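For clarity, every value in this text was computed on a predicted model and none was experimentally measured. In this chain, numbering begins with 1 at the start of the sequence shown.
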Amino acid sequence: MSEWSRDPEGFARMLPPGFTVGVATAAQQIEGATHEAGRGQSTWDTFAAQPGRIADGSTPDVATDHYHRYPEDIALMRELGVDAYRFSIAWPRIQPEGTGRAHRAGIEFYDRLIDALLADGISPVVTLFHWDMPEPLQHAGGWMNRDTASRFGDFALLAAEAFGDRVDKWITLNEPTTVTLNGYALGVHAPGATLMFDALLAVHHQLLGHGLAVQALRAASVKGEIGITNVHSPVIPAKGNFITRQFAEVFDLVHNRIYADPVLLGRYPKFPLLARKQFRSLIEVDSDDLKTIHQPIDFYGLNYYMPTRIASGAPSSSHTPDGDAEAMRDLPFHLAEWPEYPKTGFGWPIAPEYLAASVRDYAKRYGDALPPVYITEGGASFPDVVSPDGTVNDAARIDYLAEHIAAAVGAAEGIDLRGYFVWTLMDNWEWAAGFRERFGLVHVDFETLERTPKASYSWLQKVLAARS
Ligand code: FCB
């Protein structure tokens with residue numbers, strides 16, 4: 001047990017004044033009701049229906065049934081005492097076909113949700129794209145199709161017009177890195193494409209979509225602040241030799257820099273001579289596009305889960321942190337293990353010092369170009385069970401959260417770190433892992449949908465109460 005987990009009051013004193021503590025979710029992972037009230041089909045609905053795509057064969061059709069149970073879930077957040085709730089708007093609820101006017105029933109659902117949050121004093125933080133693209137757009141190529149960026153700008157405008165008077169923060173994209181790598185390069189996430197380096201075109205289109213969405217939100221004069229969220233993983237070469245360092249550099253570019261540099265600096269990073277062929281779709285870009293991508297933003301969202309260690313040589317298995325990817329077998333490098341760290345249920349190394357390193361990386365790389373930063377996600381999965389006495393003892397999650405938040409706060413020098421959002425409020429449908437990985441502060445029984453707060457929920461509740 002970590003020192004912080006024993007002492008919620010002491011932990012609360014360590015938080016800087018005004019530091020936002022929130023919880024985060026995503027529509028596709030919690031809402032369910034995928035065929036209700038005229039919602040269109042999403043790319044993840046399609047993907048999950050394909051045999052073999054989801055580890056336990058499950059679908060997001062019901063998920064946690066948040067679409068119907070949101071009042072109960074908001075009550076859980078109110079009791080918890082969080083400042084803010086980061087959730088995503090399901091694009092196919094607002095534009096079932098991916099184009100055209102806003103679908104009334106979709107708008108009404110988020111109206112009810114936002115109003116209920118505000119009534120309970122919880123600040124609404126909206127993610128516009130948390131991976132659930134309307135199927136007709138996916139059918140036309142998804143993020144490989146440049147037109148999708150404009151469609152996303154249109155969707156942002158509809159959301160801005162409907163909710164712009166009440167939302168406190170807008171996040172355009174969630175983790176374009178993961179969408180590109182898992183979805184378009186390796187095929188472990190929707191849409192299941194295995195384009196390897198050719199997937200990099202999807203990076204440019206997502207970032208263009210980000211720029212157009214920021215412009216749309218500004219044009220609609222939304223009252224809230226605007227930012228983007230990416231997932232950062234510090235990349236460490238397993239050995240000090242030249243070739244391993246080069247592979248690590250390529251992975252750092254692919255995972256981190258090709259997203260943050262254009263958004264914050266208005267240019268793609270310099271690519272190593274040896275890899276120019278692989279990065280060509282990001283080299284031959286129009287400078288006007290870069291201007292669109294480089295919009296002033298009010299905050300930067302950084303998700304952190306784990307570091308990456310790169311070793312040279314082809315992978316000996318198709319294992320990735322998010323599922324099996326045969327496509328990866330041809331690479332000349334692989335993701336090496338972290339034997340020195342304990343692991344989460346997902347097998348991800350628990351390494352809070354690398355969250356500190358992420359914060360320092362950002363401060364060093366982007367300096368004055370970096371707006372205030374929020375850690376927009378962080379958390380861990382463990383195989384939690386409800387004990388006969390009705391409690392869920394997830395002490396490991398308390399340690400995880402306490403150590404990570406403390407690490408981030410401790411490293412925030414030269415960077416304006418404003419908050420941390422716990423991933424996630426309740427156990428949910430964890431993409432390709434289905435219902436196998438539990439990340440919640442609240443346990444969900446996926447048969448009965450009963451919610452049971454875990455020990456981590458009570459710990460965070462004590463921290464937040466001690467703060468005021
Ligand atoms: C992040 C995603 C989020 C969840 C966590 C575990 O990459 O943004 O939806 O799956 O990982």
Side-chain angles (χ1 to χ4, degrees), residues 1-12 14-15 21-25 29 55-56 64 76 80-82 231 233-234 303-309 319 321-322 337-358 375-411 420-431 433-446 451-464 466:
M1 217 199 211
S2 77
E3 176 203 333
W4 292 124
S5 58
R6 274 193 303 269
D7 180 16
E9 287 80 17
F11 185 79
M14 181 275 302
L15 297 174
V21 177
V23 284
T25 65
Q29 296 181 270
D56 58 3
T64 70
L76 282 163
L80 178 58
V82 284
V231 58
S233 182
N303 290 357
Y304 169 80
Y305 287 95
M306 66 192 128
T308 304
R309 176 174 278 154
H319 181 75
D322 296 292
E337 290 295 319
W338 291 92
E340 64 272 51
Y341 288 114
K343 305 234 164 20
T344 69
F346 233 142
W348 299 354
I350 302 177
E353 48 271 57
Y354 282 102
L355 171 54
S358 304
I375 308 296
T376 37
E377 278 180 36
S381 67
F382 293 106
D384 307 311
V385 285
V386 184
S387 318
D389 68 358
T391 60
V392 183
N393 181 5
D394 61 340
R397 182 171 292 102
I398 303 179
D399 287 350
Y400 183 99
L401 293 174
E403 286 168 3
H404 281 73
I405 298 172
V409 168
Y420 188 99
F421 289 77
V422 175
W423 185 269
T424 180
L425 172 64
M426 59 191 155
D427 297 341
N428 63 24
W429 189 73
E430 179 47 47
W431 309 112
F435 294 114
R436 284 201 185 152
E437 301 297 332
R438 296 179 175 275
F439 277 86
L441 297 169
V442 174
H443 181 276
V444 176
D445 178 323
F446 293 114
R451 276 88 161 129
T452 308
K454 303 179 190 177
S456 56
Y457 175 99
S458 310
W459 173 79
L460 190 59
Q461 191 176 42
K462 288 194 193 103
V463 169
L464 297 174

Handout entry: Intermediate values then yes/no, side chain to side chain contact (heavy atoms under 4.5 Å, CB included), F346 and F439
Key = CA-CA 10 Å; F346 233 142; F439 277 86; 3.7 Å; yes
Exercise for the section: Give the intermediate values and the outcome of side chain to side chain contact (heavy atoms under 4.5 Å, CB included) for residues E337 and R309. Expected result: CA-CA 7 Å; E337 290 295 319; R309 176 174 278 154; over 6 Å; no
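You'll find the side chain of Y400 reaches within 4.5 Å of the side chain of I350, heavy atoms only. Between W431 and Q29 the shortest side-chain heavy-atom distance falls below 4.5 Å. Considering only heavy atoms from C-beta on, Y305 stays 4.5 Å or farther from Y354 through its side chain. D427 places a side-chain heavy atom less than 4.5 Å from the side chain of K454. Side-chain contact check for L355 versus E353: every heavy-atom pair is 4.5 Å or farther apart.
Checked against the 6.0 Å centroid criterion, the rings of F11 and W459 qualify as a close aromatic pair.
A donor-acceptor contact closer than 3.5 angstrom is absent between the side chains of N428 and T64. There is no side-chain donor-acceptor pair under 3.5 Å between T25 and T424. A donor-acceptor contact closer than 3.5 angstrom is absent between the side chains of Y304 and E377. Between the side chains of E403 and W4, no donor-acceptor pair is found at a separation under 3.5 Å.
Between the side chain of D384 and the backbone N or O of D394, no donor-acceptor pair lies under 3.5 Å. R436 places a side-chain N or O within donor-acceptor distance of the main-chain N or O of A55, the cut-off being under 3.5 Å. Proximity of a side-chain donor or acceptor of W348 to a complementary backbone N or O of P321 within less than 3.5 Å is detected. Judged by distance alone, the side chain of S387 and the main-chain N or O of V392 form no donor-acceptor pair under 3.5 Å. Of the possible polar contacts, none joining the T391 side chain to the N393 backbone as a donor-acceptor pair under 3.5 Å is found.
The only option from L76, L441, L464, V422 that meets the side chain to side chain contact (heavy atoms under 4.5 Å, CB included) definition with V82 turns out to be L464. None of R397, R438, E437, E430 except one satisfies the side-chain hydrogen bond (donor to acceptor under 3.5 Å, both in side chains) rule with S381; the exception is E437.
Nearest heavy atom pair, residue F382 against residue A396, reads CZ-CB, 3.7 Å. For the pair A402 and S5, the tightest heavy-atom approach, listed with the atom from each and the gap, is CB-N, 4.4 Å. The shortest heavy-atom contact between Y341 and P349 is CB-CB, 4.0 Å.
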